[in-house]
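Presented below is the structure to which this report refers.
Quick note: residue numbers are just sequence positions, from 1.
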Amino acid sequence: MGDLIVRAKELENESERKLGGWGFFYYKEPEYEEAAHLLHEAANCYKAAKYWDEAAAIYIKLAECHLKTKRKHEFAANSYVHAAVCYESKQNIEKVIDSLGKAAEIFEKGLETMPADHCNQNAGKRYREIAERYESNQNKEKAAEFYEKAAELFEKAQLLMSANHCNHKAAQHAAQIQHYSKAIEIYEKIASHSLNDSLLKYQAKRYLLDAGICRFFRGDDLDSITKALEQYRKLDPTFSDTSEYMCQ
């Protein structure tokens with residue numbers, strides 16, 4: 001254990017010398033690639049010793065180092081993801097969320113070096129993970145916010161099933177904190193998207209029903225609810241086959 005920590009510190013110090021910018025007699029360009037390799041090895045040593053905070057701090061340094069290299073976006077973003085995993089081991093949820101958020105932002109900025117679908121999918125995954133952390137901590141407002149952000153990126157990546165899942169979660173949390181207008185907006189959007197996909201269209205009536213229920217709890221008058229249900233029936237003719245619709 002002690003040998004791992006000693007080795008980690010040696011590698012970290014060596015990486016700092018690579019980034020110092022000065023030789024014995026002249027200024028030199030920082031050697032980011034070599035420094036990144038040393039930091040990666042240092043992080044592995046800290047992880048092996050279960051020094052999670054130290055490992056996370058190295059991964060953040062590594063991310064900053066990667067941002068100076070040609071493959072800056074993906075490698076930097078993944079370093080923040082590794083930092084989040086280390087903070088997770090210490091149950092430091094605030095830092096987990098911060099690291100995942102930085103990873104997502106880097107992926108969103110990575111269009112110049114990576115394919116758009118790849119960037120959007122990975123940024124969406126990180127926002128979904130943030131939403132899950134807020135969900136576990138019963139912060140429904142933040143969970144709804146980040147599930148919706150994840151859904152937007154999955155839509156851009158043409159991952160409709162993942163987008164629908166995140167939107168459904170966002171709508172559920174919005175409804176639970178009585179943000180009924182937002183929940184209705186999302187439920188109707190999911191239903192519309194589902195009807196355009198042969199594999200998902202049969203789920204549309206479920207979302208339309210949930211939207212109708214939210215209208216009821218929002219306090220819409222009977223005439224408004226009836227009109228909305230009629231619009232849903234036109235949008236999806238199978239909606240009128242549900243027992244809940246027929247009881248209206």
**Message:** Would you say the rings of His168 and Tyr207 are close, in the sense that their centroids are separated by under 6.0 Å?
**Reply:** yes

**Request:** Go through the steps to decide whether Glu188 and Tyr232 satisfy the test side chain to side chain donor-acceptor pair (under 3.5 Å), and finish with yes or no.
**Result:** CA-CA 9 Å; Glu188 292 178 350; Tyr232 297 164; 2.4 Å; yes

Please tabulate, for the side chains in residues 138-145, all donor-acceptor contacts under 3.5 angstrom to protein atoms that are two or more places apart in sequence or on a different chain.
{"from": "Asn139", "atom 1": "OD1", "to": "Lys142", "atom 2": "N", "distance (Å)": "3.1"}
{"from": "Lys140", "atom 1": "NZ", "to": "Gln176", "atom 2": "OE1", "distance (Å)": "2.9"}
{"from": "Lys142", "atom 1": "NZ", "to": "Glu145", "atom 2": "OE1", "distance (Å)": "3.4"}

**Item:** Hydrophobic cluster membership, Phe216 vs Leu208, 4.5 Å side-chain cutoff
**Value:** yes

**Prompt:** Between Ser224 and Arg215, is any side-chain donor less than 3.5 angstrom from a side-chain acceptor?
**Reply:** no

**Message:** Run the side chain to side chain donor-acceptor pair (under 3.5 Å) test against Lys47 and tell me which residues pass, sequence neighbours left out.
**Reply:** Tyr59

**Request:** List for me each residue that meets salt bridge (charged side-chain N to carboxylate O under 4.0 Å, His left out) alongside Glu14, sequence neighbours excluded, and say none if there are none.
**Result:** Arg17

N/O donor-acceptor pairs under 3.5 Å from side chains in residues 156-165, not counting sequence neighbours:
{"from": "Asn164", "atom 1": "ND2", "to": "Ser194", "atom 2": "OG", "distance (Å)": "3.0"}

**Asked** Does Ala57 have any side chain to side chain contact (heavy atoms under 4.5 Å, CB included) partners at least two apart in sequence or in another chain, and if so, which?
**Response** none

**Asked** Can any side-chain N or O of Asn137 pair as donor or acceptor with the backbone N or O of Arg133 at less than 3.5 Å?
**Response** yes

**Prompt:** More than 12 foreign heavy atoms under 6.0 Å from CG of Asp223: is that the case here?
**Reply:** yes

**Item:** pair Lys9-Tyr46: side-chain heavy atoms closer than 4.5 Å
**Value:** yes

**Asked** Is His118 atom NE2 crowded by more than 12 heavy atoms from other residues, nucleotides or ligands, each under 6.0 Å away?
**Response** yes

**Message:** Checking Glu135 now: which residues fulfil salt bridge (charged side-chain N to carboxylate O under 4.0 Å, His left out) with it, not counting sequence neighbours?
**Reply:** Lys169

**Request:** Starting from the C-alpha separation in whole Å, work towards a yes-or-no answer on side chain to side chain contact (heavy atoms under 4.5 Å, CB included) for Leu153 and Gln121.
**Result:** CA-CA 6 Å; Leu153 288 159; Gln121 179 179 0; over 6 Å; no

**Message:** According to side chain to side chain donor-acceptor pair (under 3.5 Å), who are the partners of Glu41, at least two apart in sequence or on a separate chain?
**Reply:** none

**Message:** Nearest 0.5 Å, please: how far is CH2 in Trp52 from OG in Ser89?
**Reply:** 4.5 Å

**Item:** From Lys18 atom NZ to Cys65 atom SG, the distance as rounded to the nearest 0.5 Å
**Value:** 11.5 Å

**Request:** State, with a plain yes or no, whether a side-chain heavy atom of Ile97 is found less than 4.5 Å away from one of Tyr134.
**Result:** yes

**Message:** Quick check for you: to the nearest 0.5 Å, what is the distance between Lys95 atom NZ and Leu100 atom CG?
**Reply:** 14.0 Å

**Request:** Output the distance between atom CD1 (Ile190) and atom NE2 (His193), rounded to the nearest 0.5 Å.
**Result:** 9.5 Å

**Message:** List the residues meeting side chain to side chain contact (heavy atoms under 4.5 Å, CB included) with Thr69, not counting sequence neighbours, and say none if there are none.
**Reply:** Tyr32, Glu33, His66, Lys72

**Message:** Using the side chain to side chain contact (heavy atoms under 4.5 Å, CB included) criterion, which residues pair with Arg7? Sequence neighbours excluded.
**Reply:** Glu10, Leu11, Cys45

**Partner residues of Glu64 under the salt bridge (charged side-chain N to carboxylate O under 4.0 Å, His left out) criterion, sequence neighbours left out** = none

**Item:** Same apolar cluster (I L V M F W Y, side chains within < 4.5 Å links), Leu229/Ile213
**Value:** yes

**With Glu54 via salt bridge (charged side-chain N to carboxylate O under 4.0 Å, His left out) - residues at least two apart** = none

**Fill in**
side chain to side chain contact (heavy atoms under 4.5 Å, CB included) filter on Lys182, not counting sequence neighbours, yields Glu148, Ala174, His179, Glu185, Ile186

**Asked** Can Glu108 and Lys149 be counted as an ion pair, charged N to O under 4.0 angstrom?
**Response** no

**Prompt:** Are Leu195 and Leu209 co-members of a hydrophobic cluster defined by side-chain heavy atoms under 4.5 Å apart?
**Reply:** yes

**Message:** Quick one, Lys109 with Ile106, criterion side chain to side chain contact (heavy atoms under 4.5 Å, CB included). Give me CA distance, side-chain angles, the key distance, then yes/no.
**Reply:** CA-CA 5 Å; Lys109 294 175 182 176; Ile106 292 172; 5.7 Å; no

**Message:** Measuring from atom OH of Tyr51 to atom CD1 of Ile58, what distance do you get when rounded to the nearest 0.5 angstrom?
**Reply:** 14.0 Å

**Prompt:** Rounded to the nearest 0.5 Å, how far apart are OH of Tyr147 and CG of Asn167?
**Reply:** 12.0 Å

**Request:** Work out which heavy atom in Phe154 is nearest to a heavy atom in Arg128; give both atom names and the distance.
**Result:** CZ-NH1, 3.7 Å

**Asked** Same hydrophobic cluster for Leu62 and Leu38, using side-chain heavy-atom links shorter than 4.5 Å among ILVMFWY?
**Response** no

**Asked** Can you tell which of Asp98, Ile93, Val96 makes a side chain to side chain contact (heavy atoms under 4.5 Å, CB included) with Tyr87?
**Response** Val96

**Request:** Identify whether the distance between the nearest side-chain nitrogen and carboxylate oxygen of Arg233 and Glu230 falls below 4.0 Å.
**Result:** yes

**Neighbour count above 12 (heavy atom, 6.0 Å) for Tyr180 OH** = yes

